[in-house]
Amino acid sequence: MIICKSPAEIEKLRRSGQVVRQVLLETKDRVRPGETTLELERFVEKRLRELGAKPASKGYRGYPWCLCTSVNNEIVHGMPSNRRLREGDIIGLDLGVIVDGYYGDSALTVPVGKISPQAEKLIRVTAESLELGIQQARYGNRLGDISFAVQQHVERNGFSVVREMVGHGIGREYHEEPQVPNFGRPGHGPVLKEGMVFTIEPMVNVGDYAMRILDDQWTAVTVDGSLSAHFEHTIAVTRNGPEVLSRLPVASGAAKTA
Ligand code: MF3
Ligand code: CO
């Protein structure tokens, strides 16, 4: 069952969305060659404490950390460690929070120093596919319209979308119905209604979409070793169109947001 949220609940989810994005952007600014992924985790832990937010991932199905740090061929759920980031790497940062009982979830992928043109294109196309998916999150549309928009943009650019991991409803639980695949057919799936809140989170590989999990039981990697990128926002379907709950307003330039 898809739980539609009241305006009061959306207000709470907005707060969670703003907190998760704020901390994620602060963390992104700390990504540089020589930094360890564990240092990023420690920073997140401290910021969440300061903001009075709880980490959503820590303890979720036994996941030990607040942050997921997925480097290069790691698709998602890479675990913080003493590994040092190197110039030319790309890193996906994925964070979930709980504020006042409501969840927020967001992710982005960033370069470590200077990266290859192909890695740059991967990051750009993945971010664009998320934006195209968001534009389809309007009441009256169907879920497949979102999935199709993401998939089409990715594949037109020669990349592939991961099949095993999907976006998800979110609210008083981290993962609710519906599932939000990054591939599908327009005009198919549940009709979108006012008050639905879910994540859209394309995971995009340079090579084949095949994925496997490492022996640590968490890290999802590309089977062919190719690079992978991940972006995620939490979105509410409103009468005025999609509202990106995890997007921060930017001070200068009315249309620009982070
Ligand atoms: N934030 C992830 C998502 O997009 C969930 C991470 S799984 C966890 O749904 F175990 F790390 F929490
Ligand atoms: Co998510």
Side-chain angles (χ1 to χ4, degrees), residues 20-21 23-33 35-45 55-58 60-97 105-113 115-116 118-127 129-130 150 154 159-168 174-175 182 199-233 246:
V20 75
R21 195 68 181 181
V23 176
L24 200 56
L25 292 176
E26 289 177 11
T27 309
K28 165 186 180 234
D29 287 341
R30 304 178 76 91
V31 167
R32 57 178 68 89
E35 187 86 356
T36 72
T37 50
L38 197 56
E39 286 163 347
L40 299 175
E41 163 74 17
R42 297 294 176 225
F43 173 76
V44 165
E45 203 177 21
S57 296
K58 194 169 186 157
Y60 178 80
R61 297 188 176 197
Y63 185 76
W65 309 102
C66 305
L67 185 67
C68 297
T69 53
S70 306
V71 178
N72 296 335
N73 62 317
E74 297 172 0
I75 299 169
V76 285
H77 305 164
M79 292 202 274
S81 72
N82 287 322
R83 151 186 200 170
R84 280 185 200 286
L85 296 173
R86 294 161 46 163
E87 177 106 16
D89 287 343
I90 63 172
I91 180 171
L93 303 173
D94 185 354
L95 182 63
V97 304
D105 194 0
S106 190
L108 43 74
T109 300
V110 289
V112 182
I115 61 172
S116 72
Q118 190 182 50
E120 261 173 29
K121 181 182 171 192
L122 174 69
I123 289 176
R124 174 178 58 78
V125 168
T126 308
S129 74
L130 170 57
V150 172
V154 168
F159 300 140
S160 65
V161 296
V162 171
R163 302 300 201 263
E164 289 99 321
M165 307 270 203
V166 295
H168 49 92
Y174 204 176
H175 298 118
N182 298 298
T199 72
I200 305 176
E201 46 178 314
M203 288 146 270
V204 175
N205 301 348
V206 163
D208 192 81
Y209 59 68
M211 186 197 98
R212 69 185 177 91
I213 308 284
L214 297 185
D215 287 342
D216 65 16
Q217 305 295 324
W218 281 103
T219 314
V221 299
T222 57
V223 168
D224 64 9
S226 68
L227 288 181
S228 188
H230 177 215
F231 283 81
E232 174 176 25
H233 269 307
S246 52

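Any value given below was found using the heavy atoms of this structure, including those in side chains, with hydrogens, waters and symmetry copies removed. Every value quoted in this text rests on a predicted model; they were computed, and no experiment measured them.
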| message | Applying side-chain contact (heavy atoms from CB on, under 4.5 Å) to T27 and L67, what does each step give before you reach the verdict? | response | CA-CA 10 Å; T27 309; L67 185 67; 4.2 Å; yes
| Taking all non-hydrogen atoms of both residues, which atom of P202 and which atom of V150 are closest, and how far apart? | CB-CG1, 3.8 Å
| task | Could you grab the distance from atom CG of D94 to atom CG of L24, nearest 0.5 Å is fine? | result | 8.0 Å
| said: Please check this pair: side chain of D224 against backbone of D208, looking for a donor-acceptor N/O pair closer than 3.5 Å. | reply: yes
| message | How long is the straight-line distance from CG of L25 back to CG of D29, given to the nearest 0.5 Å? | response | 7.0 Å
| query | Any idea which heavy atoms bring R32 and L85 closest together, and the distance? | reply | O-CB, 3.9 Å
| query | Looking only at heavy atoms, what is the nearest atom pair of E201 and V166, with distance? | reply | OE2-O, 3.7 Å
| Backbone N/O of V71 and side chain of E74: donor-acceptor pair under 3.5 Å | yes
| request: Walk me through it: do V23 and V97 pass the test side-chain contact (heavy atoms from CB on, under 4.5 Å)? | output: CA-CA 10 Å; V23 176; V97 304; 6.0 Å; no
| task | Check whether any side-chain heavy atom of V31 sits under 4.5 Å from a side-chain heavy atom of L93, and report yes or no. | result | yes
| field | Check: E232 main-chain N/O paired with S106 side-chain donor or acceptor under 3.5 Å | value | yes
| Would you say K121 has more than 12 foreign heavy atoms packed within less than 6.0 Å of its NZ? | yes
| Does H168 offer a backbone N or O that forms a donor-acceptor pair with the side chain of T199 under 3.5 Å? | yes
| message | Assess the residue pair R212 and V221 against the criterion (side-chain contact (heavy atoms from CB on, under 4.5 Å)); give the C-alpha distance rounded to whole Å, side-chain angles, the decisive distance to 0.1 Å, and a yes or no. | response | CA-CA 6 Å; R212 69 185 177 91; V221 299; 3.8 Å; yes
| Once you round to the nearest 0.5 Å, how far does CD1 of I75 lie from SG of C68? | 13.0 Å
| task | Among V110, V112, L227, I115, find the residue that satisfies the side-chain contact (heavy atoms from CB on, under 4.5 Å) test when tested with D89. | result | V112
| note | Between W218 and the options Y63, Y60, W65, the ring-ring contact (aromatic ring centres under 6.0 Å, His included) test singles out Y63
| task | Please confirm whether the backbone N or O of I91 pairs with a side-chain atom of N72, one donor and one acceptor, at under 3.5 Å? | result | no
| note | Tightest non-hydrogen contact, residues Y174 and S57, listed as OH-OG, 2.8 Å
| request: Return the set of residues passing ring pair (Phe, Tyr, Trp, His ring centres under 6.0 Å) with H230 (not counting sequence neighbours), or none when no residue passes. | output: none
| Under 6.0 Å from the OH atom of Y209, do we count more than 12 heavy atoms belonging to anything else shown? | no
| Polar side-chain atom of T109 near backbone of A229 as donor-acceptor pair, under 3.5 Å | no
| query | Can you tell me how far CZ of R163 sits from CE of M211, rounded to the nearest 0.5 angstrom? | reply | 12.5 Å
| remark: All heavy atoms of V20 vs all of S246, minimum pair found to be CG1-CB, 4.3 Å
| task | Give the C-alpha distance, both sets of side-chain angles, the deciding distance and a yes or no for side-chain contact (heavy atoms from CB on, under 4.5 Å) between E41 and M79. | result | CA-CA 9 Å; E41 163 74 17; M79 292 202 274; over 6 Å; no
| said: Any carboxylate oxygen within less than 4.0 angstrom of a Lys/Arg side-chain nitrogen, looking at E39 and R42? | reply: no
| message | If you compare all heavy atoms of V204 against all heavy atoms of F159, which two are closest, and at what distance to 0.1 Å? | response | CG1-CB, 3.6 Å
| Say you draw a straight line from SG of C66 to CG of L40; how long is it, rounded to the nearest 0.5 Å? | 12.0 Å
| remark: The reported gap from OG in S228 to CG in N73 (rounded to nearest 0.5 angstrom) is 8.5 Å
